[in-house]
Amino acid sequence: MQPLNVLVTGATGFVGAALLQYLKGHDDFNPIGAVRADIKKHYADDIERVNIGNISAKTDWSHALQGTNVIVHTAGRAHILKESSDNALAEFRAINVEGTLNLAKQAITAGVSRFVFISSIKVNGEETLPNQPFSEDILKPPIDAYGLSKYEAECALYALAKNTTMDVVIIRPPLVYGPGVKANFLNLMKGLHKGLPLPLGAVHNFRSLVAIENLVNFIAVCITNPSAANQTFVVSDGNDLSTTKLLVLLGRALGRPARLLPIPTSWLYFAAGLMGKKSVAQRLCGNLQVDIRKATKVLNWCPPVTVEAALQNTASSFLTLKVK
């Protein structure tokens, strides 16, 4: 049986790069990475990569789509904590909606059989109530500009593919962590490694995360499993943690016991409000859970890597980079 030719967009991103490496290690796949033409980087591996330029409604994908069986679209304009654009929604739509639809239309013409779209849990919302995790159902469109652009892209993809032979698969991950993780997760590791006292010792929330190892494994299942066709899935490690518990486990993995101060969460929200950082407090103290029962039942999938092992991998990579 010939391996599937899988085009992975966003090949230099956190998820895209990890997915390429995962697929390369399995004989069922022949991965090809799509990169921007302005990115010049030496790759030590033998994975094929094609330059497609910046993603927009006018990007020409024809040379990248030749012989492609499946597309995994990880590229897009990411959620930006400090938005500088005067019209953020228009910026997000230009890439995440119009750019995605342009690729999908050309994929249909090229005979691509499946389009796997990496969306975001922000399509569901920013926070869950206790014991009411997000599922694949959407109660109302998101307000957040990034989340709305992903939601609109999802709807448009399903509408576009409805009368074609191309399947669509939507995946909505929560926060993704693993070796090479950036942003807030990296900042937490830096604080733990330095032995800084953190005021997060009394946060009794529940948050779903997904290790990069588990996410790329799930994407690979969605590439090949017939039952994934025209389905939406939320995905996680299947082991929700409080922020306090996460820091304890992460500190253990780093070999630096977490120094956590038991500050009441109400105080944290108040202080964050004074500093204009309510969203930061919400991400650290609020609940955000997802229910992965659909993924486990429909695809017979379970996360192959435990939270403890994934955190150890993340910490080991961080420590290696610190030594260098």
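Nothing here was measured: the structure is a model prediction, and the numbers come from that model.
- For the pair P133 and V290, the minimum side-chain heavy-atom distance is 4.5 Å or more.
- A donor-acceptor pair under 3.5 Å is formed between the side chain of E136 and the backbone N or O of V234.
- Between L215 and the options V235, V305, L19, a side chain to side chain contact (heavy atoms under 4.5 Å, CB included) holds for only V235.
- Minimum interatomic distance between V15 and V216 (heavy atoms only, all atoms of both residues): O-CG1, 4.4 Å.
- Residue L249 is grouped with residue I212 when hydrophobic side chains (ILVMFWY) are merged at heavy-atom distances under 4.5 angstrom, including chains of intermediate members.
- Counting heavy-atom neighbours within 6.0 Å of F270 CZ, excluding the residue itself, gives a total of 12 or less.
- Here the closest non-hydrogen pair linking L157 and A104 is CD2-CB, 3.5 Å.
- Between the side chain of S120 and the backbone N or O of V123, no donor-acceptor pair lies under 3.5 Å.
- Counted by atom type alone, T128 and Q289 present zero donor-acceptor pairs between their side chains at under 3.5 Å.
- The backbone N or O of I47 sits less than 3.5 Å from a side-chain atom of R49, completing a donor-acceptor pair.
- Taking the side chain as every heavy atom from C-beta outward, L260 and P197 never approach each other to under 4.5 Å.
- Within the 4.5 Å cutoff, no side-chain heavy atoms of L129 are placed close to those of N131.
- Residues Y177 and F206 fall into different hydrophobic clusters, defined by Ile, Leu, Val, Met, Phe, Trp and Tyr side chains chained together at heavy-atom separations under 4.5 Å.
- Under a hydrophobic-cluster definition in which Ile, Leu, Val, Met, Phe, Trp and Tyr are linked whenever side-chain heavy atoms come within less than 4.5 Å, directly or via other members, L246 and V307 are assigned to the same cluster.
- F29 has its side chain out of reach of P3: every pair of non-hydrogen atoms, C-beta onward, lies at least 4.5 Å apart.
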>> Please evaluate residues N124 and R172 with respect to the criterion side chain to side chain contact (heavy atoms under 4.5 Å, CB included), reporting the C-alpha separation (whole Å), side-chain torsions for both, the decisive distance (0.1 Å), and the verdict.
In response: CA-CA 9 Å; N124 290 78; R172 296 190 200 125; 3.2 Å; yes
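- Between S208 atom OG and I121 atom CD1 the span is 8.0 Å, to the nearest 0.5 Å.
- The shortest distance between side-chain heavy atoms of L65 and L7 falls below 4.5 Å.
- For the pair Q312 and A253, the tightest heavy-atom approach, listed with the atom from each and the gap, is NE2-O, 3.3 Å.
- When hydrophobic clusters are built by joining Ile, Leu, Val, Met, Phe, Trp and Tyr residues whose side-chain heavy atoms come closer than 4.5 Å, directly or via intermediates, Y22 is grouped together with V221.
- Aromatic ring orientation, F218 versus F233: perpendicular (interplanar angle above 60°, classes split at 30° and 60°).
- The distance from the CZ atom of F134 to the CD atom of E127 is 8.5 Å, given to the nearest 0.5 Å.
- Judged as a side-chain hydrogen bond (donor to acceptor under 3.5 Å, both in side chains), the pairs with a partner in residues 189-207 (not counting sequence neighbours) are, in order, N205-T243.
- Side chain of T9 to backbone of T74: a donor-acceptor contact under 3.5 angstrom is found.
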>> Go through it in stages, so that I can follow the logic: the residues are I219 and V72, the test is side chain to side chain contact (heavy atoms under 4.5 Å, CB included), and I'd like the CA-CA distance, side-chain angles, deciding distance and then a yes or no.
In response: CA-CA 8 Å; I219 294 172; V72 181; 3.8 Å; yes
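- Here the CG atom belonging to L4 is positioned 12.5 Å from the CG atom belonging to D27, to the nearest 0.5 angstrom.
- V210 places a side-chain heavy atom less than 4.5 Å from the side chain of P174.
- Residue V203 is grouped with residue L288 when hydrophobic side chains (ILVMFWY) are merged at heavy-atom distances under 4.5 angstrom, including chains of intermediate members.
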>> Show, in sequence, the C-alpha distance, side-chain angles and deciding distance for I143 and K122, and conclude whether the side chain to side chain contact (heavy atoms under 4.5 Å, CB included) test is met.
In response: CA-CA 9 Å; I143 299 174; K122 285 184 174 290; over 6 Å; no
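- Using a distance-only test at 3.5 Å, with no hydrogens or angles considered, no donor-acceptor pair links the side chain of N96 to the main chain of K150.
- Between R114 and M166 there is no side-chain heavy-atom pair separated by less than 4.5 Å.
- When all heavy atoms of A34 and I52 are compared, the closest pair comes out as CB-CG1, 4.0 Å.
- Within 6.0 Å of atom CG in N187, more than 12 heavy atoms from other residues, nucleotides or ligands are found, so the atom counts as buried in its surroundings.
- Atom CZ of R256 sits about 8.0 Å away from atom CG of L319, to the nearest 0.5 Å.
- In this structure a side-chain-to-backbone donor-acceptor pair under 3.5 Å is present from N102 to T59.
- When atom types are taken as modelled, the side chain of S149 and the backbone of R93 share no donor-acceptor pair closer than 3.5 angstrom.
- In this structure, the side chain of Y158 engages the main chain of Q231 through a donor-acceptor pair within 3.5 Å.
- Between the side chain of S316 and the backbone N or O of N313, no donor-acceptor pair lies under 3.5 Å.
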> Are V70 and V116 close enough, and set up right, to give a side chain to side chain contact (heavy atoms under 4.5 Å, CB included), and what steps lead you there?
Replying inline: CA-CA 8 Å; V70 178; V116 181; 4.3 Å; yes
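- Taking each heavy atom of V181 and L186 in turn, the nearest pair found is O-CB, 3.6 Å.
- Among all heavy-atom pairs drawn from G99 and I55, the shortest one is CA-CG2, 4.0 Å.
- In this structure a side-chain-to-backbone donor-acceptor pair under 3.5 Å is missing from Q282 to N287.
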> Checking side-chain hydrogen bond (donor to acceptor under 3.5 Å, both in side chains) for the pair W301/N217: CA distance, chi angles, key distance, verdict?
Replying inline: CA-CA 9 Å; W301 179 82; N217 176 269; 2.7 Å; yes
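- Between E152 atom CD and L101 atom CG the span is 10.0 Å, to the nearest 0.5 Å.
- Here CD of E98 is found 9.0 Å from OG of S56. Values are rounded to the nearest 0.5 Å.
- The shortest distance between side-chain heavy atoms of T265 and L284 does not fall below 4.5 Å.
- Counting non-hydrogen atoms of neighbouring residues, nucleotides and ligands closer than 6.0 angstrom, the NZ atom of K245 reaches no more than 12 such neighbours.
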